[in-house]
Amino acid sequence: MTASVPSAPSGSADEPLGYDPGAVEARWRQQWAERGTNRPDLAEGKDPYYALMMFPYPSAEGLHVGNLFAFTGCDIYARFRRLQGHTVFEPLGYDAFGIHSENFALKVGVHPTELIPRNIANFRRQLDRAGLMVDWTHSVDTTDPAYYKWTQWVFLQLYKKGLAYKKAGAVNWCPSDKTVLANEQVIDGRCERCGTVVEQRFLEQWFFRISDYSERLLNNLDTLDWSATTKQAQRNWIGRSEGARLRFRVLPAMQDAGSASVAVTTETPVDGIQVEVFTTRPDTIFGATYLVLAPEHPLVDEITTDAQRGAVEAYRTGAAKQDLITRKTNKEKTGEFTGAFAVNPATGEPIPVWIADYVLMEYGTGAIMAVPGHDERDYEFATKFALPIVRVVAGEGQGAKTPFDGAAYTGDGMIVNSAQFDGLGVEIAKVKVMEWIEKRHAGTVVTNYRLHDWCISRQRYWGPPIPIIYCDDCGTVPVPEADLPVVLPNIADFKPDDSGVSPLARHEDWYRVPCPTCGKSARRETDVSDTFLDSSWYFLRYPSADRDDVPFDAALTKKWLPVTTYIGGNEHAVLHLLYSRFITMVLHDEGMLDFEEPFTRFRAHGLIIREGAKMSKSKGNVVNPDEYIDRWGADSFRTYLMFLGPFEEGGDFRDAGISGVKRFLDRLWASVRDSVVEGSPDDEVMRKLHATIKKVGEDIPALSYNTAIAAMMEYMNVLRRGERVCHRAEVEPVVQLVAPFAPHVAEEMWGMLGHSESVFDSRWPGFDEGMLVSDTVELVVQVSGKTRGKVAVAREADQAAVMAAAMADASIAKFVVGEPRKIVLVPGRILNIVL
RNA sequence: GCGAGAGUGGCGGAACUGGUAGACGCGCGGGACUUAGGAUCCCGUGCCGCAAGGCGUGUGGGUUCGAGUCCCACCUUUCGCACCA
């Protein structure tokens, strides 16, 4: 490519400024493709840098500006690293399986196998003109059998390790999507996708034992360079709490509960029925005045007395029928007495056993010891049902007999009414009580996690079939790896029904297969897997995307992974990242990966809003990238997106704003075009240039793109002040600074400066520290803390010299009446004369 | 309720370990060049005031020579989690 100056935009022959982005960008897209500029040598490249962005779901609406915002942010970072000398791998693919695609296909009546390639083609067209440094020779499409073959392989690795299991259980069922949802997909009792109230159903589901990894998933967070909010979100989700499991012996059914105490001994707690509870407050055990079981608790039947059976059954039926939304939002306490009593292992007293829906079967043991004095929920319940409330913790100014003032006391304090533990602080008491409990075999210290196992089966069509075959003789048989992929058949009737099984179950010709072990007629699993499984390992696939013999090549993986920087949306801060970490840990434990955390650095980008409002189709305020790129060019569009606000916070897209960015690029382009090599660069301009190189080089790694752009604009203002002719040395480095943001026009300008190689094969400019300091400095002068002016003094000027300079300025001196009480001089910054 | 964050001009947003608040851009006002300009260039633009000057970073206190920045109390708001024992 020789240096060339394109003709001025059409219809404006006298146009003094401004390039034609349409022509420039098309030319450089073609150049990049021909030269292979964006294809790193994965095998040989030095200093590898893996820049990953969350791959998009290729929707029918096309690329969203939010996608482009994220991708551009990642691309700028990647291009910057390349300019610094790294071999940068920046892949992109499509997350095209899942309910979202399938529902859309159903809505428009087009089969997903037709729809998805069409959407992908459109995405690719849009992505191509966005100027991303993507290596399209290493892409993935999760719906491609060449990809999901290995998704199924991942399932088999977990299955082999005993980490995939099938379990019948209560699942969340969305009556609208007609499918099972993961707990994570239920928000406030509603389907996160369609908002329909979720029902409970009992189905056989495949689960992954992610809960076995709770502790590692939690502890490893400390080693990761992730934003604090993302780490916190993961911590909350994993939900570790330290506590204890305590066993309460249930007394045999009695006619008269009042006489129970005579039968109580605590010496033989292992006999008979016991209820195990989870608590984080073992220190309050002396205040446990009743037990509560979840309505679904398996022991309820056994312990309920004949007299109470009717009432208990009625309550359980009511609770079961209740959908999750009422159960979780209705805070009014309800419950029923089982008629049974258990022994408080600390006091030896009998306490009633209740059932109530405020106790959840999924958490802890599904049973609690109620300490109404020191737990708000228990207090409310005890008040409503007239159960005894005992104080066992006394706070500041409280004693053993201080009555409750309408609420539980949940604060810190001293243990009271608890025999030998009286007088201890709450934290010490937790330890001492548990020592005592453990000695008496009434319980153990445990750590509890909220994280549940990951339900990966979906009774849907548009996903990878789970590679399992059921044989009457051999039982559950994994599909041999050699037989992968289990190809998703192209069926016309892919609409789910409420039978609780996948549409694939209607196709015997597909599911009827010989058993891989014995050869007898057997049946395939007809469920498909969760989309989150597709995306839990795709980053491993990219470098090896052209290999069909292995999921990921060992040498390439060793070289390129873990991902150096991962950029994506906060909406995936919990699930996708957690699942990816889990799968990576499992493969690590199998010896297939030498790292257990896939993403060394993760940053979540912010959200783009439009004119102060959220973008939505219904409001009709969605930004269509095509229109803006047509009008302003991709370079201006990219740079404007980054200029809106801090990358990690997002910004407010206003149509008017983009013109300022185009003007900036036009000015730079004109300065380069008109630059000369004769003479020498201006000192002041060069000082500003070096300061700008420093600032941009610091801002980009911090993802502070908006201020980097502002710094370059500021430099342009200095550079062009007085319409001077620019020296080439004053503009050449700026082309490199702007290149990550506006890659096409940067290439164009680089060519205009006489370079034949891509600007991205040049090296990021250095700066000279010596250029950043000058001999004189401007010092702000304050009088009693109020700014009154500024004086120019030598850099090393001492206090006397600075004072003299200040007093020489009449507009400052007039405020200094009398003798200063104190003079504060911060060299290079400020002089404060205190009167 | 718990956890994390955020409140700065007409607007988006700057401000390093406390040191000229409002960089940069939009918008707006004025000017230049023009038949014209939604093109380009220059100047101005926090508020009050003719000026000198005063007032200003959600509110009220505090620390300091000096506070957008630190401390205390409160208000508003965004995002997670939420009957998790």
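Within every chain, numbering begins at 1; the chains are lettered A, B, ... in the order of the sequence lines, protein sequences first and strands thereafter. Note that these values count all heavy atoms, side chains included, but never hydrogens, waters or copies made by symmetry.
Each of A/G650 and A/A367 has a nearest nucleotide on RNA chain B; the 5'-most of these lies closest to A/G650. In this structure, A/R821 and A/R377 both approach RNA chain B, and ranking their closest nucleotides by distance from the 5' end singles out A/R821.
A distance of about 36 Å separates the C1' atoms of B/rG27 and B/rC74, rounded to the whole Å. For the P atoms, the distance from B/rC16 to B/rC65 is 23 Å, rounded to whole Å. Spacing of C1' atoms, B/rA67 relative to B/rC72, comes out at 15 Å, to the nearest Å. Taking the P atoms as reference points, B/rG68 lies 14 Å from B/rG60, given to the whole Å. Of the C1' atoms belonging to B/rC50 and B/rC42, the separation is 27 Å, rounded to the nearest Å. Nucleotides B/rC83 and B/rC79 have their C1' atoms positioned 22 Å apart, rounded to a whole Å. Nucleotides B/rC33 and B/rA23 place their C1' atoms 30 Å apart, quoted to the nearest Å. Comparing the C1' positions of B/rA6 and B/rG66 gives a spacing of 26 Å, expressed to the nearest Å.
At the heavy-atom level, A/R450 lies under 4.0 Å from base atoms of the strands shown. Note on A/R235: nothing from the nucleic acid sits closer than 4.0 angstrom, heavy atoms only. Counting any heavy atom pair closer than 4.0 Å across all strands shown, A/L644 reaches sugar-phosphate atoms only and no base atom. Within the 4.0 angstrom heavy-atom criterion, base atoms lie near A/V780. Within the nucleic acid shown, A/N570 has no heavy atom closer than 4.0 Å to any nucleic acid atom. Within the nucleic acid shown, A/Q232 comes within 4.0 Å of sugar-phosphate atoms alone, with no base atom in reach, counting heavy atoms only. A/R788 comes within 4.0 angstrom of sugar-phosphate atoms only, judged by non-hydrogen atoms across all strands, and of no base. At the heavy-atom level, A/N706 lies under 4.0 Å from the strands shown only through sugar-phosphate atoms. Across all strands, A/Y449 comes closer than 4.0 Å to no nucleic acid atom at all (heavy-atom distances).
A/H690 places no side-chain N or O within donor-acceptor distance of the main-chain N or O of A/L772, the cut-off being under 3.5 Å. Looking at A/K333, its side chain never comes within 3.5 Å of a backbone N or O of A/K384 through a donor-acceptor pair. Not a single donor-acceptor pair under 3.5 Å links the side chain of A/K790 to the backbone N or O of A/L779.
Using cut-offs of 30° and 60° for the angle between ring planes, the A/F741 and A/Y705 rings count as perpendicular.
Comparing B/rC42, B/rC55, B/rA52 against the side chain of A/K814 picks out B/rA52 as the nearest. Residue A/R663 places its side chain closer to B/rC26 than to any other of B/rC26, B/rG80, B/rA85. Checking B/rA85, B/rG25, B/rG19 against every side-chain atom of A/M713, the shortest atom distance belongs to B/rG25. Nearest to the side-chain atoms of A/A233 among the listed nucleotides B/rG80, B/rC26, B/rG53 stands B/rG80. When distances are taken from the side chain of A/A710 to each of B/rU20, B/rC83, B/rA23, the shortest belongs to B/rA23. Ranking B/rA21, B/rC81, B/rG12 by closeness to the A/T787 side chain, first place goes to B/rA21. Distance from the side chain of A/V359 is smallest for B/rA85 among the nucleotides B/rG13, B/rA85, B/rC24. Of all nucleotides listed (B/rC83, B/rG19, B/rC24), B/rC24 comes nearest to the side chain of A/F643.
We find that OH of A/Y19 is positioned 13 Å from P of B/rU40, with the value rounded to whole Å. The distance from atom CG of A/L719 to atom P of B/rC24 is 15 Å, rounded to the nearest whole Å. Between A/I709 atom CD1 and B/rC24 atom C1' the separation is 10 Å, expressed in whole Å. When rounded to the nearest whole Å, the span between CZ of A/R610 and C1' of B/rC11 equals 15 Å. What separates CZ of A/R245 from P of B/rA85 is a distance of 14 Å, to the nearest Å. Per the geometry, CG belonging to A/D666 stands 12 Å off P belonging to B/rA39, to the nearest Å. Between the CD atom of A/E649 and the C1' atom of B/rG7 there is a distance of 12 Å, given to the nearest Å. Rounded to whole angstrom, the span from the CD atom of A/E648 across to the C1' atom of B/rA14 amounts to 17 Å.
No hydrogens or angles considered: a donor-acceptor pair under 3.5 Å links the side chains of A/T230 and A/S227.
The salt bridge (charged side-chain N to carboxylate O under 4.0 Å, His left out) test with A/E714 singles out one residue from A/R720, A/K688, A/K695, and that residue is A/K688.
Annotated as anti: B/rG80, whose glycosidic dihedral deviates from 0 by more than 90°.
Ring centers of A/F69 and A/F653: at least 6.0 Å apart, outside the cut-off. In summary, the aromatic rings of A/Y290 and A/F385 are positioned with their centroids too far apart to meet the 6.0 Å limit. Ring to ring, A/W354 and A/F381 are close: their centroids are under 6.0 angstrom apart.
Side-chain N/O atoms of A/K786 include none lying less than 4.0 angstrom from OP1 or OP2 on B/rG56. OP1 or OP2 of B/rC65 has at least one side-chain nitrogen or oxygen of A/K822 nearer than 4.0 Å. Contact check, A/N717 against B/rG25: a side-chain N or O comes under 4.0 Å of OP1 or OP2.
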Are any protein N/O atoms closer than 3.5 Å to N/O atoms in nucleotides 47-51 of chain B? If there are, list each pair with its distance.
none

Next item on the list: Evaluate side chain to side chain donor-acceptor pair (under 3.5 Å) for A/Y363 paired with A/S241, printing each intermediate quantity in order.
Entry: CA-CA 11 Å; A/Y363 186 76; A/S241 52; 2.9 Å; yes
Margin query: Walk me through whether A/H572 and A/M54 qualify under side chain to side chain contact (heavy atoms under 4.5 Å, CB included).
Written below: CA-CA 9 Å; A/H572 291 122; A/M54 286 184 184; 3.6 Å; yes
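Pairing partner, B/rA23: none, since no Watson-Crick or wobble contact has both distances short of 3.5 Å.
Shown here is A/E684, whose CD atom has no more than 12 heavy atoms of other residues, nucleotides or ligands within 6.0 Å.
Figure legend: A/R603 and A/W226 shown without cation-pi pairing, the cationic atom not lying both under 6.0 angstrom from the six-membered ring centre and within 45 degrees of its axis. In this structure, A/R391 forms a cation-pi arrangement with A/F404, its terminal cationic atom sitting closer than 6.0 Å to the ring centre and no more than 45° off the ring axis.
A donor-acceptor contact under 3.5 angstrom links the side-chain atoms of A/R829 to the base of B/rU17. Looking at A/N236, its side chain has no donor and acceptor atom pair within 3.5 Å of the base of B/rC81.
Applying a 4.0 Å cut-off to non-hydrogen atoms, none of the residues of residues 694-704 of chain A approaches RNA chain B.
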